[in-house]
Amino acid sequence: MADSKLLVTEINEEETMGAETARLEELLLQASKELQQAQTSRPESTQIQPQPGFCIKTHSLEGKVFINICHSPSIPPPADLTEDELLQMLEEDQAGFRIPMSLGEPHAELDAKGQGCTAYDVAVNSDFYRRMQNSDFLRELVITIAREGLEDKYSLQLNPEWRMLKNRPFLGSISQQNIRSQQHPRIQELGNLYTPESLRHEEGWAFDGALFLPSPEKPHLNLWLEAPDLLLAEIDLPKLDGALGLSLEMGENRLVMGGPQQLYYLDAYIPLRINCDESRAAFHRKRKQLMVAMPLLLAPS
């Protein structure tokens, strides 16, 4: 693990930095402003026409349901993980992996017997779809996530058993869909990450000698990938006014942060290889955030 010397400074909006860390700190501030604008601005939408892939049949309480699995290059791809890496994350119940999908509106159709049914169009990234065609594991994962997404969005209860239609890539017609435009397409949100169970600090109180001390709070972590070789992190620390007492350590795929007086503790697994020697961090006083810039170790081409 890298030592806490990468935690270099505290920053205000008006302050400037030394030459050694100026580039990374400028990047941190600029990325922070861009993310803030992206969060406060109303997202615009883009209309896409998904391309057909394959169709599965299942049932709801109301009758037959068909899900057209489609694809479009306009939908961002998920993180590029091997099946072994993905399987390990799923077995450990991690939330760091997501498959971007566009869930279309329900449309009434007729099945092969002329009976009424409901169809949904679910679109994923085209490159990821081609990869999925050669993997039963990825195909079943996408179908499971699509089914759960439709259940959540439309308050459905779908039968987990399904059957793929033969020689029929879709049922009915595939409609255009509106997706949110990425205002800053270079930046991809990674979401919440896994904290190892063996190192997780539960809420409550810990006994230390003759004193009862509150267990550290797990702070909120936002991760943003600035393609292709830089990972940005924002760690919310609303109880702190400065960086005094903060510690920060990193491994190739791990970030560990400790706060003063046991206020905060974070141990996050990151499904990307970090260049620890080149990583830098700074505490933003006004926003009360620890901001971390982590260059990535790219796999050899």
Side-chain angles (χ1 to χ4, degrees), residues 31 34-35 37-58 60 64-81 86 95-111 117-156 158 162 164-192 222-228:
E34 289 181 354
L35 298 179
Q37 291 172 359
Q39 292 165 356
T40 57
S41 300
R42 183 177 180 179
E44 298 177 355
S45 63
T46 300
Q47 198 168 63
I48 65 170
Q49 177 60 61
Q51 301 301 308
F54 61 88
C55 180
I56 67 166
K57 174 185 175 182
T58 184
S60 70
K64 295 180 184 178
V65 172
F66 294 84
I67 302 176
N68 297 319
I69 302 296
C70 314
H71 60 91
S72 169
S74 300
I75 297 176
D80 188 13
L81 302 177
L86 178 54
F97 182 83
R98 295 184 297 178
I99 300 178
M101 292 182 176
S102 177
L103 306 178
E105 298 288 333
H107 47 100
E109 302 290 350
L110 297 177
D111 64 10
C117 60
T118 304
Y120 297 86
D121 305 328
V122 176
V124 298
N125 174 264
S126 294
D127 290 337
F128 179 71
Y129 175 81
R130 285 186 281 271
R131 178 184 171 193
M132 180 180 64
Q133 284 183 300
N134 300 318
S135 170
D136 292 338
F137 169 70
L138 289 179
R139 182 166 55 248
E140 292 188 10
L141 177 63
V142 166
I143 292 173
T144 299
I145 295 176
R147 177 176 55 81
E148 292 175 351
L150 291 172
E151 287 181 329
D152 182 64
K153 183 175 182 178
Y154 296 111
S155 300
L156 300 173
L158 297 176
W162 51 269
M164 185 181 300
L165 301 188
K166 295 181 179 180
N167 302 320
R168 190 164 187 177
F170 62 95
L171 183 83
S173 60
I174 298 177
S175 302
Q176 291 184 336
Q177 296 184 14
N178 290 321
I179 63 172
R180 289 184 178 181
S181 300
Q182 293 189 355
Q183 295 187 359
H184 304 284
R186 296 181 303 156
I187 299 176
Q188 173 189 353
E189 184 179 7
L190 298 184
N192 296 325
N222 279 326
L223 282 177
W224 303 84
L225 181 62
E226 178 153 313

Rounded to the nearest 0.5 Å, what's the gap from CZ on Phe128 to NE2 on His71? Could you check? 13.0 Å
Nearest 0.5 angstrom please: Ser175 OG to Gln47 CD, how far? 10.0 Å
Partner of Phe66 by side-chain contact (heavy atoms from CB on, under 4.5 Å), out of Thr58, Asp111, Thr118: Asp111
In Å and rounded to the nearest 0.5 Å, what is the CD to CG distance from Gln49 to Asp121? 9.0 Å
Non-hydrogen atoms of Phe170 and Pro52 that approach each other most closely: CD2-CB, 3.4 Å
When rounded to the nearest 0.5 Å, the distance separating OH of Tyr120 from CG of Asn68 is 12.0 Å
Check: Pro77 and Pro100 side chains under 4.5 Å, non-hydrogen atoms: no
Gly53 to Tyr129 - nearest heavy-atom pair and separation: CA-OH, 3.0 Å
For Val142 and Met101: C-alpha separation, side-chain torsions, deciding distance, then whether side chain to side chain contact (heavy atoms under 4.5 Å, CB included) applies. CA-CA 9 Å; Val142 166; Met101 292 182 176; 3.8 Å; yes
Reported CD1-to-SG distance for the pair Ile174 and Cys70, which is rounded to 0.5 angstrom: 3.5 Å
Does the pair Leu156 and Val65 meet the rule for a side chain to side chain contact (heavy atoms under 4.5 Å, CB included), with working shown? CA-CA 11 Å; Leu156 300 173; Val65 172; 5.9 Å; no
For residues Arg147 and Leu158, report the shortest heavy-atom separation together with the two atoms involved. CG-CD1, 3.7 Å
Before you tell me yes or no, could you show the steps for Glu109 and Ser173 under side chain to side chain contact (heavy atoms under 4.5 Å, CB included), namely the whole-Å CA-CA distance, both residues' side-chain angles and the distance that decides it to 0.1 Å? CA-CA 9 Å; Glu109 302 290 350; Ser173 60; 4.1 Å; yes
Partner residues of Glu140 under the side chain to side chain contact (heavy atoms under 4.5 Å, CB included) criterion, sequence neighbours left out: Trp162
Minimum heavy-atom distance Cys55-Arg168, with the two atoms named: CB-O, 3.8 Å
By side chain to side chain contact (heavy atoms under 4.5 Å, CB included) - contacts of Ser102 (at least two apart): Ile75, Ala123, Gln177, Ile179
How long is the gap from CD on Gln176 to OG on Ser72, to the nearest 0.5 Å? 11.0 Å
Under the side chain to side chain contact (heavy atoms under 4.5 Å, CB included) test, residues paired with Pro73 that sit two or more places apart: Ser126
Could you walk me through whether Phe54 and Arg139 pass side chain to side chain contact (heavy atoms under 4.5 Å, CB included), step by step? CA-CA 10 Å; Phe54 61 88; Arg139 182 166 55 248; 3.7 Å; yes
